[in-house]
Amino acid sequence: MAGPLRWCEIGSMEEQLDADAEVVAGPDLPSARVPLSEERIVEAALSFIDGHGLAGLTMRRLGQRLGVEAMSLYRYVPGREAMLDLVVQSMIDQLQEDAEVLRRPENGWQDFVQRLAHGVRRVALMHPRAFPLVASRPPEAPWLRPPLRNLDWVETFLAGLHQEGFDDVTCAGAYRAFTSFLLGHLLLEVANHGADVGPLDVLEDDGDPSRDGLERYPTVLRLREPLSQDHAAVEFEESLEELLERMALMLSETSSG
């Protein structure tokens with residue numbers, strides 16, 4: 001599996017490869033027939049959302065997908081809301097299976113944070129239409145922020161920074177900065193992949209700018225092609241570098257104080 005991209009490994013912006021997208025686009029594992037279980041129900045729900053979006057997901061349709069009556073699902077999942085919480089947990093659990101994501105710093109806190117950030121992005125790219133649930137479902141504790149809203153991963157992040165010399169105040173500040181950076185970038189990115197994220201929802205392109213009334217906005221119309229280009233991987237990497245610099249400044253101010 002490819003590791004996080006670094007600017008020393010990158011040529012021009014146009015030549016940069018999106019390593020996270022390449023991992024996500026890899027070959028699917030073959031499915032197997034297994035008895036009905038909570039895990040199988042959650043996997044089917046996540047697959048349905050990936051293919052059809054969240055709005056159409058009902059217990060009846062999920063039952064049809066699994067070849068059972070909807071009532072059979074309630075033996076394992078109390079209802080749709082509880083199932084959505086389990087879907088979020090399932091996505092976050094995928095970080096555990098990502099060999100590039102570390103549970104504690106091994107080569108400095110910058111490497112640790114970069115790996116975690118790219119791991120979360122790979123989850124978002126793998127499940128773009130389900131990823132907004134990470135922001136909308138209630139967290140495990142009221143003071144947690146998406147997308148690191150799972151107590152286990154928040155503990156991993158904070159303990160890792162503390163191991164590297166961050167005190168309690170800078171750990172909390174770094175957590176707020178890290179989650180704000182990740183959520184903002186990834187919600188915008190999954191919106192471009194068809195996710196319904198409310199006000200950020202993407203409209204279908206009808207192909208003719210003049211029919212949208214864009215003739216009244218000549219600069220926007222002239223720049224339509226470059227504005228529509230996808231530089232998400234580059235922008236993510238640039239902003240991540242800026243975040244690391246900000247965190248380094250926070251750490252140095254703590255050390256000097």
Side-chain angles (χ1 to χ4, degrees), residues 4 20-21 23-24 42-43 45-46 48-50 53-55 57 80-98 100-103 109 112-162 166 168 170-202 232-233 235-240 242-244 246-247 250:
D20 296 330
V23 170
V24 171
V42 172
E43 288 177 354
L46 183 54
F48 182 97
I49 297 170
D50 286 342
L54 176 62
L57 179 63
R80 185 176 184 272
E81 294 303 306
M83 183 174 60
L84 294 180
D85 289 336
L86 291 171
V87 166
V88 171
Q89 185 61 51
S90 174
M91 286 191 288
I92 299 300
D93 285 348
Q94 290 176 15
L95 288 172
Q96 304 269 17
E97 304 165 7
D98 191 327
E100 294 297 322
V101 176
L102 301 177
R103 295 311 300 250
W109 64 266
F112 171 71
V113 171
Q114 280 189 315
R115 288 172 177 272
L116 181 55
H118 280 280
V120 176
R121 182 171 181 255
R122 284 191 285 273
V123 171
L125 292 178
M126 190 175 296
H127 307 290
R129 302 179 80 174
F131 186 77
L133 285 170
V134 173
S136 64
R137 303 305 299 171
E140 293 185 357
W143 58 85
L144 299 186
R145 297 156 54 112
L148 286 189
R149 56 192 301 287
N150 172 284
L151 282 167
D152 185 45
W153 280 105
V154 174
E155 177 69 20
T156 294
F157 180 81
L158 297 176
L161 293 187
H162 191 267
F166 286 73
D168 288 352
T170 51
C171 275
Y175 170 72
R176 289 192 297 269
F178 183 68
T179 53
S180 295
F181 152 75
L182 270 185
L183 191 64
H185 269 272
L186 296 181
L187 284 181
L188 284 171
E189 187 165 4
V190 298
N192 287 329
H193 287 273
D196 182 359
V197 289
L200 297 178
D201 200 12
V202 178
E235 293 164 356
F236 184 86
E237 197 68 34
E238 288 177 338
S239 295
L240 181 54
E242 292 173 1
L243 172 66
L244 295 177
R246 179 180 172 188
M247 291 172 62
M250 295 166 62

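Treat the numbers as computed from the prediction; the structure is a model and nothing was measured.
- Within the model, atoms CG of Leu116 and CG of Leu182 stand 7.0 Å from one another, a figure rounded to the nearest 0.5 Å.
- Side-chain atoms of Trp153 and Asp93, non-hydrogen and from C-beta on, never get closer than 4.5 Å to each other.
- Scored by the salt bridge (Lys or Arg N to Asp or Glu O under 4.0 Å) test, Glu81 finds Arg137 as partners (sequence neighbours excluded).
- Here the closest heavy-atom approach between residue Ala174 and residue Met250 is recorded as N-CE, 3.4 Å.
- Nearest heavy atoms, Gly119 versus Asp98: CA-OD2, 3.8 Å.
- When side chains are defined from C-beta on, Met247 does not count as touching Glu242, because their heavy atoms never get closer than 4.5 Å.
- With contacts defined as side-chain heavy-atom distances shorter than 4.5 Å, the pair Ile92/Val123 does not qualify.
- Residue Ile49 comes nearest to Leu84 through the heavy atom pair CD1-CD2, 4.3 Å, listed as atom of the first residue, atom of the second, then distance.
- Not counting sequence neighbours, the partners of Ala82 by the side chain to side chain contact (heavy atoms under 4.5 Å, CB included) test are Val77, Pro78.
- The side chain to side chain donor-acceptor pair (under 3.5 Å) test applied to Ser136 returns no partner, not counting sequence neighbours.
- For Glu235, the side chain to side chain contact (heavy atoms under 4.5 Å, CB included) test picks out His185, His231, with sequence neighbours left out.
- Without hydrogens or angle criteria, Tyr175 side chain to Thr170 main chain gives no donor-acceptor distance under 3.5 Å.
- Every side chain to side chain donor-acceptor pair (under 3.5 Å) that Thr179 has, sequence neighbours left out, goes to Arg145.
- Aromatic ring pairs are classed by plane angle as parallel below 30°, tilted from 30° to 60° and perpendicular above 60°; the pair Phe157 and Phe178 is parallel.
- Applying the ring pair (Phe, Tyr, Trp, His ring centres under 6.0 Å) test to Phe48 and every residue at least two apart in sequence or in another chain returns His52.
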* Stepwise side-chain contact (heavy atoms from CB on, under 4.5 Å) check, Met83 with Leu57 -> CA-CA 11 Å; Met83 183 174 60; Leu57 179 63; 3.9 Å; yes

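- Asn150 and Leu144 make their closest contact through C-CD1, 4.3 Å (heavy atoms, listed as atom of the first residue, atom of the second, distance).
- Arg129 meets the salt bridge (Lys or Arg N to Asp or Glu O under 4.0 Å) test with no other residue; sequence neighbours excluded.
- Here Leu151 contributes atom CG and Thr156 contributes atom OG1; the two are 10.5 Å apart, rounded to the nearest 0.5 Å.
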* Applying side chain to side chain donor-acceptor pair (under 3.5 Å), run through Asp85 and Gln89 and close with a yes or a no. => CA-CA 6 Å; Asp85 289 336; Gln89 185 61 51; over 6 Å; no

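- Every side chain to side chain donor-acceptor pair (under 3.5 Å) that Gln96 has, sequence neighbours left out, goes to Arg103, Asp152.
- Of all non-hydrogen atoms in Leu183 and Pro146, the two that sit nearest each other are CD2-CG, 3.8 Å.
- Between Pro128 and Val190 the shortest heavy-atom distance is O-CB, 3.4 Å.
- In this structure Ala55 satisfies the side chain to side chain contact (heavy atoms under 4.5 Å, CB included) test with no other residue, sequence neighbours excluded.
- Put simply, CG on Leu158 and SG on Cys171 are 5.5 Å apart, with the number rounded to the nearest 0.5 Å.
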* **Chi angles and distances behind the side-chain contact (heavy atoms from CB on, under 4.5 Å) call for Leu240, Leu243** => CA-CA 5 Å; Leu240 181 54; Leu243 172 66; 4.3 Å; yes

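- For Phe166, the ring pair (Phe, Tyr, Trp, His ring centres under 6.0 Å) test picks out Trp109, with sequence neighbours left out.
- The structure places CG of Leu86 at 11.5 Å from CG of Leu133, a figure rounded to the nearest 0.5 Å.
- Ion pairing between Arg121 and Glu189 holds under the 4.0 Å rule for side-chain N and carboxylate O.
- Between the CG atom in Leu125 and the CZ atom in Phe236 there is a gap of 9.0 Å [rounded to 0.5 Å].
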* To do: Test Gln114 against Glu237 for side-chain contact (heavy atoms from CB on, under 4.5 Å), laying out the working first.
  => CA-CA 9 Å; Gln114 280 189 315; Glu237 197 68 34; 3.8 Å; yes

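- Test Val120, Val101, Leu46 against Gln94 for side-chain contact (heavy atoms from CB on, under 4.5 Å) and you get one pass: Leu46.
- Every residue meeting the side chain to side chain contact (heavy atoms under 4.5 Å, CB included) condition with Ala172, not counting sequence neighbours, appears here in chain and number order: Arg176.
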